[in-house]
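So the structure is just underneath, and the comments pick up after that.
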Amino acid sequence: MKQFIYKLICICGLWFIHLSAYSQEFPIITFYKATWIPCFDQNNNLLIAIRTYFFNGEPYYLVVNPNTFETMAAPAVNFKSRMITSDPNIPGYYTMAALKSTAYVNALAENFKPPYRLKDYGMIHATHPVDGFFLTIDMCPSIKPFEQNFFSILAQKSNNNEPVPIAISITGLWLITHPDEFNWLVQQEKTNKLAITWINHTYSHVYYRDLTFDNNFLITKLNQDNASKNILAASNLNFEVLFTEQLLLQRGELPSVFFRFPGLVSNEKLVLQLQKLGLIPMGTDAWINKLGTTDANSDEGEQLESQAPVSGSILLVHGNSNEHSGIERAIPLIQPATFRLLPLN
């Protein structure tokens, strides 16, 4: 019995040391929740808190500027529930009309309408004429080294301390299993080589090789008996989204308001859940690796929609080395100085 107690104390001690080392490396984030709280900053700018949490014991908000789509994390006390006015007798209430006039709230309304197609639901192209392209780079879970040469080529396009804007669809599993590579990307950001928008691509990017697209990724069901009233979903969207955001915040990075469904596959239920989380689904009209190919996962084998990039296209490549042929196709496309990349917001 004494030997058992001794072993238990040793195990608990080692676990405490592990937790202590972790807490020293990363700040502690607890009670991370989705919310919707309109508020104002010290300059009376209208903002929306979409997450609340404790950051090392202090209440924090993750807020979005509804006019620019930019996010910010700061102590909750930095934000006011009412606009500061010169007349204390005039309460500075926010209004629904003011919220509805913003680009972000409009995007939440416009990008959640039917039809809820199985593949590529969401924004796939610029909503207005632009001179340039939007590059999104998916980092699904992978055991391979990342495409560092590709990212280096992008970083070399920076000019006069102007970083190159890219959007990285990050999965939590890739982040925690490739810490050095993630830190390398962050370093390019800190040295003004890259300006990264972090798109939430879920934590696990669940995928079953033996299942069809209409029963895969986030929409997989563990029980396929249609007569059963208890069809159990195999994934939890809230966890997949919120835990990935926490991992980014712990490392000093800001989650954006953009989200990409794993496999670009979704259904009505998932889409409406995503809307409650305040995130905007991102598809693509130019999956570079699929240029000129047909969709092997389609029953009809139809030609993929408008895969040739044009101004305003949302380009998709994989930077995790799972689709290197797409990187080889993308490099000559992005290298010319005339190829202009734009920030997603």
- Query: Residues in side chain to side chain contact (heavy atoms under 4.5 Å, CB included) with N216, at least two apart?
  - Reply: Y207, Y208, L211, T220

I'd like a table of donor-acceptor pairs (distance under 3.5 Å, sequence neighbours excluded) in which one partner is a side-chain atom from residues 182-189, with atom names and distances.
residue	atom	partner	partner atom	Å
N183	ND2	P179	O	3.1
Q188	NE2	W184	O	3.2

- Message: Counting C-beta onward and ignoring hydrogens, is there a side-chain heavy-atom pair between I84 and Q42 closer than 4.5 Å?
- Response: yes

- Query: Within 45° of the axis and under 6.0 Å from the centre of the six-membered ring of F133, does NZ or CZ of R340 qualify?
  - Reply: no

- Ignoring hydrogens and geometry, is there a side-chain-to-backbone donor-acceptor pair from R260 to T202 under 3.5 Å? no

- Message: Show, in sequence, the C-alpha distance, side-chain angles and deciding distance for F151 and I168, and conclude whether the side-chain contact (heavy atoms from CB on, under 4.5 Å) test is met.
- Response: CA-CA 11 Å; F151 286 108; I168 297 180; 4.1 Å; yes

- Nearest atoms (heavy-atom pairs only) where H201 meets P262: CE1-CA, 3.7 Å

- Task: Compare all side-chain heavy atoms of E147 with those of H324 and state whether any distance is below 4.5 angstrom.
- Result: yes

- Which pairs pass salt bridge (charged side-chain N to carboxylate O under 4.0 Å, His left out) with one or both residues in residues 200-219, sequence neighbours excluded? none

- Message: Would you say Y32 ends up clustered with W36 if hydrophobic residues are merged whenever their side chains have heavy atoms under 4.5 Å apart, either directly or through other cluster members?
- Response: yes

- Message: Using only atom types and a distance under 3.5 Å, with no angle test, would you say the side chain of T244 pairs donor to acceptor with the backbone of Y203?
- Response: yes

- Heavy-atom pair of closest approach, residues A330 and V317: CB-CG1, 3.8 Å

- Interatomic distance, Q246 atom CD to R251 atom CZ [nearest 0.5 angstrom]: 10.5 Å

- To the nearest 0.5 angstrom, please state how far the CG atom of D120 sits from the CZ atom of F261. 11.5 Å

For a quick test of your reading: what N or O donor-acceptor pairs under 3.5 Å do the side chains of residues 65-78 make, sequence neighbours left out?
residue	atom	partner	partner atom	Å
N65	OD1	N67	N	2.9
N65	OD1	T68	N	3.4
T68	OG1	E70	N	3.3
T71	OG1	P255	O	2.8

- Quick one: does F31's side chain get under 4.5 Å of P59's, heavy atoms only? no

- Message: I need the Y121 OH to N111 CG distance, nearest 0.5 Å.
- Response: 7.0 Å

- Item | Connected via hydrophobic side-chain network under 4.5 Å: I166 and L248 | yes

- Message: Membership question, hydrophobic clusters at under 4.5 Å side-chain separation (ILVMFWY): are L277 and I199 in the same one?
- Response: yes

- For H125 and S313, which heavy atoms make the closest approach, and how far apart are they? CE1-N, 3.4 Å

- Measure the spacing between CE of M83 and CG of D41 and express it to the nearest 0.5 Å. 10.0 Å

- Where P141 and N322 come nearest, the two heavy atoms and their spacing: O-ND2, 3.5 Å

- Would you call I219 and F213 a side-chain contact if the rule is heavy atoms closer than 4.5 Å? no

- Could you tell me which residues satisfy ring pair (Phe, Tyr, Trp, His ring centres under 6.0 Å) with F79, sequence neighbours excluded, listed by chain and number? Y61

- Item | Criterion side-chain contact (heavy atoms from CB on, under 4.5 Å) on T102 and I48, from CA distance to verdict | CA-CA 11 Å; T102 65; I48 303 171; 5.5 Å; no

- Here the pair of heavy atoms bringing Y53 nearest to L62 is CE2-N, 4.0 Å

- Distance col, row F26:CZ vs N56:CG, nearest 0.5 angstrom, shows 13.0 Å

- Does some side-chain heavy atom of P27 sit less than 4.5 Å from a side-chain heavy atom of L249? no

- Side-chain (K157) to main-chain (P336) donor-acceptor, under 3.5 angstrom: yes

- Path from V63 to Y60 over hydrophobic side-chain contacts below 4.5 Å: no

- Query: Does S142 reach the main-chain N or O of N320 with its side chain, forming a donor-acceptor pair under 3.5 Å?
  - Reply: yes

- Message: If you define the side chain from C-beta out and look only at heavy atoms, does anything of L108 sit under 4.5 Å from I280?
- Response: yes

- Item | Partners meeting side chain to side chain contact (heavy atoms under 4.5 Å, CB included) with Q273 (sequence neighbours left out) | L237, K269, L270

- Note on the structure: Which of F150, F146, W287, W174 passes ring-ring contact (aromatic ring centres under 6.0 Å, His included) with H318? Answer is W287

- Item | Spatial distance of atom CD (E240) from atom CG (L274) [nearest 0.5 Å] | 12.5 Å

- Task: Ignoring hydrogens and angles, tell me if any N or O in the side chain of T284 forms a donor-acceptor pair with the backbone of I124 under 3.5 Å.
- Result: no

- Query: Is F339 close to L135 at the side-chain level, that is, under 4.5 Å between some pair of heavy atoms?
  - Reply: no

- Item | Hydrophobic cluster identity match, V241 and L272, side-chain contacts under 4.5 Å | yes

- So L316 and K290, side-chain contact (heavy atoms from CB on, under 4.5 Å) or not? Walk me through it. CA-CA 10 Å; L316 168 61; K290 295 182 180 292; over 6 Å; no

- Evaluate the side-chain proximity of P38 to T95: yes if any heavy-atom separation is below 4.5 Å, no if none is. no

- Task: Locate the shortest heavy-atom distance separating M282 from I314; write the atom from each residue and the value.
- Result: CE-CD1, 3.5 Å

